[in-house]
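What follows is one structure encoded as structure tokens, with my remarks underneath.
Lettering follows sequence order; numbering is per chain, from 1.
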Amino acid sequence: MSWDRVYRLVKQIPRGHVTTYGALAKALREPGGARVVGYAMASTPGGQGIPWHRVVSAGGKIKMPEPHASKQRRLLETEGVDLSRASIDMDRYGWVPRRPKPRKSKAKNKPVT
DNA sequence: CATCTGACGACCG
DNA sequence: GCGGTCGCCAGAT
């Protein structure tokens, strides 16, 4: 799993919606790589059009060192996401990332069956 | 090449 | 419902 894949998925998040690190990881078939996704966000070059603020932790809660947390909340509110609750209403704003294309590493020709 | 860290997730108390 | 611990994968040193 490369971060590049994560970035690509995050960029697909529609405005006004959010997803979770785990959801992205699962979308990439890496259920245990949730932290890798988060780490990828932390490493976001910035200015690359990557809406990292649309990515929250499981349950729709924002967990991250300030000042990013505050900034994320403000950005989400700007997109119309209701942060009034203790956690974001994933049932309402939760967006499920699509499978980009589960490429099996190399385009290895499958020997005729 | 081996070891530590890290925008996390799930479970236990 | 909240805080602490272990496990997870990939990168950086």
Can you check nucleotides 1-4 of chain C for protein contacts, nitrogen or oxygen pairs under 3.5 Å, and list what you find?
none

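Sorted by first then second residue, the salt bridge (Lys or Arg N to Asp or Glu O under 4.0 Å) pairs that include residues 30-46 of chain A, not counting sequence neighbours, number zero.
For the segment residues 69-78 of chain A, no residue has any heavy atom less than 4.0 angstrom from an atom of DNA chain B. Taken residue by residue, residues 17-28 of chain A places heavy atoms nearer than 4.0 Å to DNA chain B at Y21(A), G22(A).
Taking the side chain to side chain contact (heavy atoms under 4.5 Å, CB included) definition, one finds that R73(A) meets it with I62(A), L83(A), sequence neighbours left out. Evaluation of the salt bridge (Lys or Arg N to Asp or Glu O under 4.0 Å) rule for D89(A) yields R85(A) as partners, not counting sequence neighbours. By the ring pair (Phe, Tyr, Trp, His ring centres under 6.0 Å) test, Y7(A) pairs with no residue at all, sequence neighbours left out. Every residue was checked against the salt bridge (Lys or Arg N to Asp or Glu O under 4.0 Å) condition with D91(A), not counting sequence neighbours, and none meets it. Every side chain to side chain donor-acceptor pair (under 3.5 Å) that H53(A) has, sequence neighbours left out, goes to E79(A). Contacts of T78(A) classified as side chain to side chain donor-acceptor pair (under 3.5 Å), with partners at least two apart in sequence or in another chain: none.
Within the nucleic acid shown, P65(A) comes within 4.0 Å of sugar-phosphate atoms alone, with no base atom in reach, counting heavy atoms only.
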After noting the C-alpha distance and the side-chain angles of R29(A) and R99(A), does the key distance pass the side chain to side chain contact (heavy atoms under 4.5 Å, CB included) rule? CA-CA 9 Å; R29(A) 302 282 53 170; R99(A) 213 77 73 58; 3.9 Å; yes
Show your reasoning for whether side chain to side chain contact (heavy atoms under 4.5 Å, CB included) applies to H17(A) and V81(A). CA-CA 7 Å; H17(A) 290 256; V81(A) 179; over 6 Å; no
Using the rule given for side chain to side chain contact (heavy atoms under 4.5 Å, CB included), can you reason through K61(A) versus I88(A), listing the C-alpha separation, both sets of side-chain angles and the distance that settles it, and then say yes or no? CA-CA 6 Å; K61(A) 296 188 300 188; I88(A) 299 172; over 6 Å; no
Would you check, one step at a time, whether the test side chain to side chain contact (heavy atoms under 4.5 Å, CB included) holds for W3(A) with V37(A)? CA-CA 7 Å; W3(A) 296 3; V37(A) 176; over 6 Å; no
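Side-chain contact annotation: D4(A) with S2(A), donor-acceptor N/O pair under 3.5 Å absent.
For M64(A) against Q72(A), the heavy-atom pair with the smallest separation is CE-OE1, 2.9 Å.
Hydrophobic clustering of Ile, Leu, Val, Met, Phe, Trp and Tyr side chains at less than 4.5 Å, counting indirect connections, unites V10(A) with L75(A).
Here CH2 of W95(A) is found 6.5 Å from OG1 of T19(A). Values are rounded to the nearest 0.5 Å.
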A correct 5'-to-3' footprint of nucleotides 6-13 of chain C, with B, S and - meaning base, sugar-phosphate only and no protein heavy atom under 4.0 Å, is -BBBSS--
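Interface limits on DNA chain B: the 5'-most and 3'-most nucleotides within less than 4.0 Å of chain A heavy atoms are dG6(B) to dA10(B).
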